[in-house]
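Below you'll find the structure, written out as structure tokens, and then a few comments.
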Amino acid sequence: MDLHKEGDRGSAKQKKVKIVFVIGGPGSGKGTQCKRIAQQFGYTHLSVGEILRQEISSGSETGAMIQKIMKEGKLVPSDVTVRLLQQAMQGINSGKFLIDGFPRNEENVKAFEDLTKMEPEFVLYLDCPQDEMEKRLLSRNEGREDDNIETIRKRFKVFMESTLPTIEYYESKGKIRKVDAGKSIDEVFESIKVIFSQGKDNKVPPISRHKCKCLIL
Ligand SMILES: Nc1ncnc2c1ncn2[C@@H]1O[C@H](COP(=O)(O)OP(=O)(O)OP(=O)(O)O)[C@@H](O)[C@H]1O
Ligand SMILES: Nc1ccn([C@@H]2O[C@H](COP(=O)(O)O)[C@@H](O)[C@H]2O)c(=O)n1
Ligand SMILES: [Mg+2]
């Protein structure tokens, strides 16, 4: 798949690639729900955090740099993240991508748009209270280096300061589909199924920072 040529929207020969971004605070359930969405709706699930962790495992210099940033709960420079994401997408012959944990800041948005010339169909936003996310992360038990209380608090701060503005950006474009992610896994998936069944014309009421559950501590 040539992700550059996909930007030539007029070309009938180009296969239309559909992209859905999935964002939400750390522990909001992005990975959990993406697995279900991919299975039920035929998407290829790409977790950007997982792609970055694979780069760490490769033992490269870039991986070492990523590991340091992740441990601090900060964000990896967008040129690195988007290059790795684009490489992962190019290796897969799929028409539908579910991109989990992306974008995390405005720099991510710009780098993705500049490099791929693509935009998401919509952005699924898992809105979850912070105390619930903290509880989930502390009992996740998957051996992640960043699942400790110190790093978790830093990740929450990054989410508030850097990711919420991207949610507002996509809200202004009418692309946010928000679900209450504080409920049980099954209940959250029920709300998500409605969104994926209705497709891109399903509009939800506008949100603002003040209405996010993640801010009600
Ligand atoms: N709705 C839910 N209710 C209770 N526990 C949940 C729910 N959704 C996910 N979990 C659990 O919470 C933990 C975090 O979920 P998950 O890994 O899907 O979150 P995430 O948003 O991908 O987090 P991160 O940003 O850190 O990758 C996991 O142990 C998962 O099993
Ligand atoms: N767009 C992104 C996504 C992730 N990161 C870094 O990876 C960490 C883990 O991400 P998860 O989605 O698995 O929680 C995250 O805390 C960041 O350090 C990133 O920089 N940019
Ligand atoms: Mg995850």
Side-chain angles (χ1 to χ4, degrees), residues 19 21-38 45-57 62-86 88-89 97-113 115-116 120 123-167 179-192 213-214:
I19 289 175
F21 289 152
V22 182
I23 52 184
S28 57
K30 300 180 295 297
T32 304
Q33 297 298 334
C34 281
K35 285 192 192 92
R36 291 187 169 206
I37 300 165
H45 172 203
L46 288 177
S47 158
V48 173
E50 205 46 56
I51 290 169
L52 295 171
R53 282 185 284 276
Q54 279 167 16
E55 186 64 25
I56 296 173
S57 301
T62 305
M65 179 266 285
I66 293 171
Q67 186 172 30
K68 196 162 170 284
I69 292 171
M70 256 195 204
K71 255 191 199 167
E72 290 168 5
K74 294 183 180 159
L75 296 177
V76 174
S78 299
D79 57 334
V80 174
T81 305
V82 173
R83 179 176 52 79
L84 292 172
L85 173 59
Q86 193 191 31
M89 292 172 78
F97 288 99
L98 196 57
I99 303 184
D100 162 3
F102 188 91
R104 292 288 238 275
N105 61 10
E106 284 165 335
E107 191 193 64
N108 273 185
V109 173
K110 185 160 186 338
F112 187 84
E113 287 178 357
L115 197 64
T116 68
V123 179
L124 178 64
Y125 168 35
L126 302 188
D127 186 22
C128 190
Q130 190 169 303
D131 55 355
E132 173 66 18
M133 295 194 280
E134 187 174 298
K135 203 170 70 186
R136 290 179 189 174
L137 291 176
L138 289 173
S139 56
R140 178 155 56 180
N141 219 10
E142 287 178 4
R144 273 180 56 166
E145 253 188 311
D146 53 354
D147 277 351
N148 60 79
I149 191 63
E150 203 184 314
T151 312
I152 288 168
R153 296 251 161 97
K154 288 180 183 162
R155 287 155 69 198
F156 286 149
K157 192 163 182 287
V158 167
F159 175 69
M160 299 295 185
E161 291 176 359
S162 303
T163 311
L164 284 181
T166 71
I167 295 169
V179 297
D180 178 356
K183 297 180 179 170
S184 74
I185 293 175
D186 285 344
E187 284 172 316
V188 177
F189 190 56
E190 282 308 309
S191 312
I192 289 175
K213 284 186 188 299
C214 60

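Whatever order the structure lists ligands and atoms in, that order sets their numbers, starting from 1. The residues of the chain are indexed from 1 along the displayed sequence. Only heavy atoms go into these numbers, but all of them, side chains included; no hydrogens, no water, no symmetry mates.
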> Can you list the atoms of ligand 2 that are under 4.0 Å from a heavy atom of F102?
Replying inline: 1 (N)
>> Any heavy atom of R155 closer to ligand 1 than 4.0 angstrom?
In response: yes
> What atoms of ligand 2 come closer than 4.0 angstrom to any heavy atom of G101?
Replying inline: 1 (N), 2 (C), 3 (C)
>> Has T166 got a side-chain atom pairing as donor or acceptor with S162's backbone, closer than 3.5 angstrom?
In response: no
>> How far is atom 5 (N) of ligand 2 from the closest protein heavy atom, and which atom is that?
In response: L52 CD1, 3.4 Å
>> For atom 27 (O) of ligand 1, which of the options K30, K183, R144, Q33 provides the nearest non-hydrogen atom?
In response: R144
> What atoms of ligand 1 come within less than 4.0 Å of a heavy atom belonging to S184?
Replying inline: 1 (N)
>> Is it the case that ligand 1 has an N or O less than 3.5 angstrom from some N or O of A181?
In response: no
>> Using only atom types and a distance under 3.5 Å, with no angle test, would you say the side chain of Q33 pairs donor to acceptor with the backbone of I185?
In response: yes
> Does the N or O separation between R104 and ligand 2 drop below 3.5 Å for any pair?
Replying inline: yes
>> What I want to know is whether P26 and ligand 1 share at least one N or O pair that is separated by under 3.5 angstrom.
In response: no
> Just which atoms of ligand 2 are under 4.0 Å from any heavy atom in R53?
Replying inline: 9 (C), 13 (O)
> Is N108 touching ligand 2 with its side chain, its backbone, both, or neither, if touching means heavy atoms under 4.0 Å apart?
Replying inline: side chain
> So which heavy atom in the protein is nearest atom 23 (O) of ligand 1, and how far is it from that ligand atom?
Replying inline: G27 N, 3.0 Å
> Looking at K157 and E161, does any basic side-chain N land under 4.0 Å from a carboxylate oxygen?
Replying inline: yes
> Does E142 have a non-hydrogen atom less than 4.0 Å from ligand 1?
Replying inline: no
> Should you measure from each heavy atom of V48, which atoms of ligand 2 turn up under 4.0 Å away?
Replying inline: 1 (N), 2 (C), 3 (C)
>> Using a 3.5 Å cut-off on N or O atoms only, is S139 in polar contact with ligand 1?
In response: no
> Sub-3.5 Å donor-acceptor pair from the side chain of R36 to the main-chain atoms of I192, do we have one?
Replying inline: no
> What residue and atom, counting heavy atoms only, is the protein's closest point to atom 7 (O) of ligand 2, and at what distance?
Replying inline: M70 CE, 3.3 Å
> Would you call G24 a ligand 1 contact, heavy-atom distance under 4.0 Å?
Replying inline: no
> What do we get for R144 next to ligand 2 when only non-hydrogen atoms under 4.0 Å count, side chain, backbone, both or neither?
Replying inline: side chain
>> Restricting to non-hydrogen atoms, name the atom on T163 and the atom on R104 that form the minimum distance, rounded to 0.1 Å.
In response: OG1-O, 2.7 Å
> Looking at ligand 1, does any of its N/O atoms fall within less than 3.5 Å of an N/O of R104?
Replying inline: no
> Do the side chains of P77 and I69 get nearer than 4.5 Å, heavy atoms only?
Replying inline: yes
> Where the side chain of K30 meets the backbone of G25, is there a donor-acceptor pair that is under 3.5 Å apart?
Replying inline: yes
>> Check the orientation of F112 and F21. Use parallel for under 30°, tilted for 30 to 60°, and perpendicular for over 60°.
In response: perpendicular
>> If the threshold is 4.0 Å, N to carboxylate O, is there a salt bridge linking D147 and R136?
In response: no
>> Could you tell me, atom by atom, which parts of ligand 1 come under 4.0 Å of a heavy atom of L137?
In response: 26 (O)
>> Under 4.0 Å from a heavy atom of S28: which atoms of ligand 1 are those, numbered in the order shown and with their elements?
In response: 21 (O)
> Heavy atoms only: which of R136, E132, M133 is nearest to atom 11 (C) of ligand 1?
Replying inline: R136
> Taking heavy atoms and a distance under 4.0 Å, where does V76 meet ligand 2: side chain, backbone, both or neither?
Replying inline: both
> Numbering the atoms of ligand 2 from 1, which are under 4.0 Å from a heavy atom of K74?
Replying inline: 17 (C), 18 (O)
>> With the threshold set at under 4.0 angstrom, would you say G49 reaches ligand 1 through any of its heavy atoms?
In response: no
>> For ligand 1 and D100, I'd like to know whether there is a polar contact (N/O to N/O, distance under 3.5 Å).
In response: no
> Which atoms of ligand 1 are found less than 4.0 Å from any heavy atom of T32?
Replying inline: 9 (C), 15 (O), 16 (P), 18 (O), 30 (C)
